[in-house]
Structures are given as structure tokens and as C-alpha cells.
Colleague: 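Sharing a structure below in C-alpha cells format, with a few things to ask.
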Amino acid sequence: MSGARGGAERRAWTRALGLLAAIYLSLYPLPFLLEFLRARNLLRLSVAALFGAAALAAAAWALRRRAEWREWAVLAAAALVYAFLLSRMTVLQERLHLLEYGVVALALRAAFAARFAGRRGDSRAQDLATGAAALGATVAAGWLDEGIQALLPNRYYDVRDVGFNALAGALALGVEAALEAARRRGAGARDAARPADFV
């Protein structure tokens, strides 16, 4: 492993594991914060602000990448899916799972991608394996989250939350895979539209 690649992998794993550590460390104090916000009628606004910030971050990312219409279409479809799911989740704090473990899944995927970078073989098969590893790790991390909650005096184990964590990871990884497919399709269309070079 080259030094540059090894450094990139260490940074990716540091980000992913640091994010998980922050989530686990917040498990005990988080209910107090949520109750503080609820008592002041700020909980709904705060959750909405978090999702609004996530949407703005996604739009800024697409603008930086100069995304084409296919990628914007994927983001719009993803926004509709998230909006539908949020409308079905009546417990406000449960909505946080979609953000928390969506970000965890993307961070873990980046770490696994850095780990497997440079390996020979079909790139799409490698992408699929990387995504599967990230999803498996996300499900395990979400289950551990609930296991820790079972030990805390102000939390409890909820198998539904394990499902929400897994769903959040699968959604985020699915959107990322759809964006990558849209980028590839756009690149293929541009290549096909170029005039052939004749010698």
C-alpha cells in the first residue's frame, strides 16, 4: 500500500469511526436535549432544520461537481422518497435515524472504498462489494447502537430502530449508487456524441 493511499484510508476510517463514536457518546444526553427542545416547541423546527441543511449540502455538492440533469433527477427522486418516509414517521426523534445512519453508511463506504482502492478486477463488481460491506457494517453499527441503549437508564432497546438504521443506510447507499450510475451514463452519452477522430 502506497503512503498516499494508506493516508487516505486512515483519514476515511478516522472519519467513519469518529462519527460512530460521536453517535454512541450522544446516546445518554440526547433525550435531555430533545426534551429541552420539545418543552419549548422547538423540536419539530430543529428536526426540519437538520433535514433542510442536509438538502442544501446535497445541492451544494451537486453544484460543485457541475452535476448534469441525470444527477439532479436522482437527487429530486431521493428527496421525494425521503419526504414520503418522513411523513410516515410520526415520532419526531425517529426521523433522526435517517440522517444519522445515512451519513454513517456513506462514511463507511468511503472507508471501504479507500481500503479496496487499486485492486484489480471489474470496477462495478468492486463497487457492489464495497457497498455491500458498507451496508453490513452500518447494520451492525446500528444494532450495537440499540444494544448500548439497552444498558442505559434513560434509553431502551427497540428493534424498530434497528430497522430504521438499516433502512437509512440502504437509502443513502442506494442514492449514491444511483448518482454514480447517472454520472457514468452521462459520460457515456458525451463520449458517444463526440465526432469520431479520423487519421
Side-chain angles (χ1 to χ4, degrees), residues 15-16 19-20 22-24 26-27 30-31 33-38 41-63 65 67 69-113 127-128 130-150 155-183 185:
R15 283 192 295 270
L19 177 60
L20 276 173
I23 290 173
Y24 294 159
S26 74
L27 290 176
L30 184 60
L33 173 61
L34 295 177
E35 188 55 40
F36 175 85
L37 293 171
R38 183 182 286 108
N41 293 319
L42 294 174
L43 183 57
R44 185 177 298 275
L45 178 62
S46 299
V47 172
L50 283 174
F51 278 93
L56 288 175
W61 171 87
L63 287 171
R65 290 183 60 87
W69 68 268
R70 290 176 181 84
E71 294 166 80
W72 284 107
V74 169
L75 289 175
L80 290 175
V81 171
Y82 276 95
F84 172 76
L85 289 173
L86 290 172
S87 72
R88 306 296 294 179
M89 299 171 78
T90 55
V91 180
L92 287 176
Q93 55 266 35
E94 287 183 345
R95 299 178 181 182
L96 297 176
H97 291 267
L98 290 181
L99 273 184
E100 284 180 331
Y101 279 89
V103 175
V104 164
L106 295 178
L108 286 169
R109 190 193 182 285
F112 280 114
D127 286 346
L128 184 60
T130 301
L135 180 57
T138 301
V139 171
W143 212 330
L144 178 58
D145 182 314
E146 291 300 311
I148 294 171
Q149 290 188 54
R155 305 299 294 265
Y156 59 91
Y157 179 90
D158 189 345
V159 72
R160 287 193 320 153
D161 288 348
V162 175
F164 285 142
N165 295 339
L167 174 63
L171 273 175
L173 292 169
V175 171
E176 185 178 52
L179 285 169
E180 180 59 31
R183 280 195 294 273
R185 186 167 295 182

Colleague: Given the rule in the side chain to side chain contact (heavy atoms under 4.5 Å, CB included) test, do D145 and Y24 qualify, once you have shown the distances and angles that lead to the verdict?
Modeller: CA-CA 6 Å; D145 182 314; Y24 294 159; 3.8 Å; yes

Colleague: At their closest point, which heavy atom of A168 faces which heavy atom of Y82, and how far apart are they?
Modeller: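 Reported closest heavy-atom pair: O-OH, 4.5 Å.
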
Colleague: With rounding to the nearest 0.5 Å, note down the distance linking CH2 in W61 to CG in L179.
Modeller: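 W61 atom CH2 to L179 atom CG measures 4.5 Å (nearest 0.5 Å).
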
Colleague: Where do L135 and A166 come nearest, in terms of heavy atoms and distance?
Modeller: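 Looks like CD1-O, 4.1 Å.
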
Colleague: Hey, could you give me the CG/CG distance between L42 and L33, rounded to the nearest 0.5 Å?
Modeller: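 These two atoms lie 10.5 Å from each other.
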
Colleague: For residues A54 and L99, report the shortest heavy-atom separation together with the two atoms involved.
Modeller: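 The pair with the smallest heavy-atom distance is CB-CD2, 3.7 Å.
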
Colleague: Taking L27's backbone N and O only, do any of them form a donor-acceptor pair with R155's side chain (distance below 3.5 Å, no angle check)?
Modeller: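 Yes; at least one donor-acceptor contact below 3.5 Å.
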
Colleague: Provide the closest heavy-atom pair for A62 versus L75 in the form atom of the first, atom of the second, distance.
Modeller: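 Closest heavy-atom pair between A62 and L75: CB-CD1, 3.7 Å.
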
Colleague: Between A141 and Y101, what is the shortest heavy-atom contact and its length?
Modeller: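 That closest heavy-atom pairing would be O-OH, 3.7 Å.
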
Colleague: Tell me, please, which residues at least two apart from R38 pass salt bridge (charged side-chain N to carboxylate O under 4.0 Å, His left out).
Modeller: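 For R38, the residues satisfying salt bridge (charged side-chain N to carboxylate O under 4.0 Å, His left out) (neighbours in sequence not counted) are E35.
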
Colleague: Looking at CG of L80 and CG of L85, how far apart are the two atoms once the value is rounded to the nearest 0.5 Å?
Modeller: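 L80 atom CG to L85 atom CG measures 11.0 Å (nearest 0.5 Å).
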
Colleague: Are any of the side-chain heavy atoms of L63 and W72 separated by less than 4.5 Å?
Modeller: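 Yes, close enough: below the 4.5 Å cut-off.
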
Colleague: Can I get a per-line list of side-chain donor-acceptor pairs under 3.5 Å for residues 169-178, giving both atom names and the distance, sequence neighbours left out?
Modeller:
unit_1, atom_1, unit_2, atom_2, d
E176, OE1, R109, NE, 3.3

Colleague: Which heavy atom in T138 sits nearest to a heavy atom in A134, and how many Å separate them?
Modeller: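 T138 and A134 have their closest heavy atoms at OG1-O, 2.7 Å.
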
Colleague: Can you tell if the side chain of Q149 reaches within under 4.5 Å of the side chain of D158, non-hydrogen atoms only?
Modeller: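 Contact flag for Q149/D158 side chains = no.
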
Colleague: Please round to the nearest 0.5 Å and tell me the distance separating atom CG of L167 and atom CE of M89.
Modeller: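 It is 7.5 Å, given to the nearest 0.5 Å.
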
Colleague: Roughly how far, to the nearest 0.5 Å, is CG of L34 from CG of L92?
Modeller: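 Reported value, rounded in 0.5 Å steps: 9.5 Å.
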
Colleague: Measuring from atom CD of E94 to atom CG of L86, what distance do you get when rounded to the nearest 0.5 angstrom?
Modeller: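 It comes to 11.5 Å.
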
Colleague: Quick one: list whatever passes salt bridge (charged side-chain N to carboxylate O under 4.0 Å, His left out) with E146, sequence neighbours left out.
Modeller: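 Salt bridge (charged side-chain N to carboxylate O under 4.0 Å, His left out) list for E146, sorted by chain: empty.
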
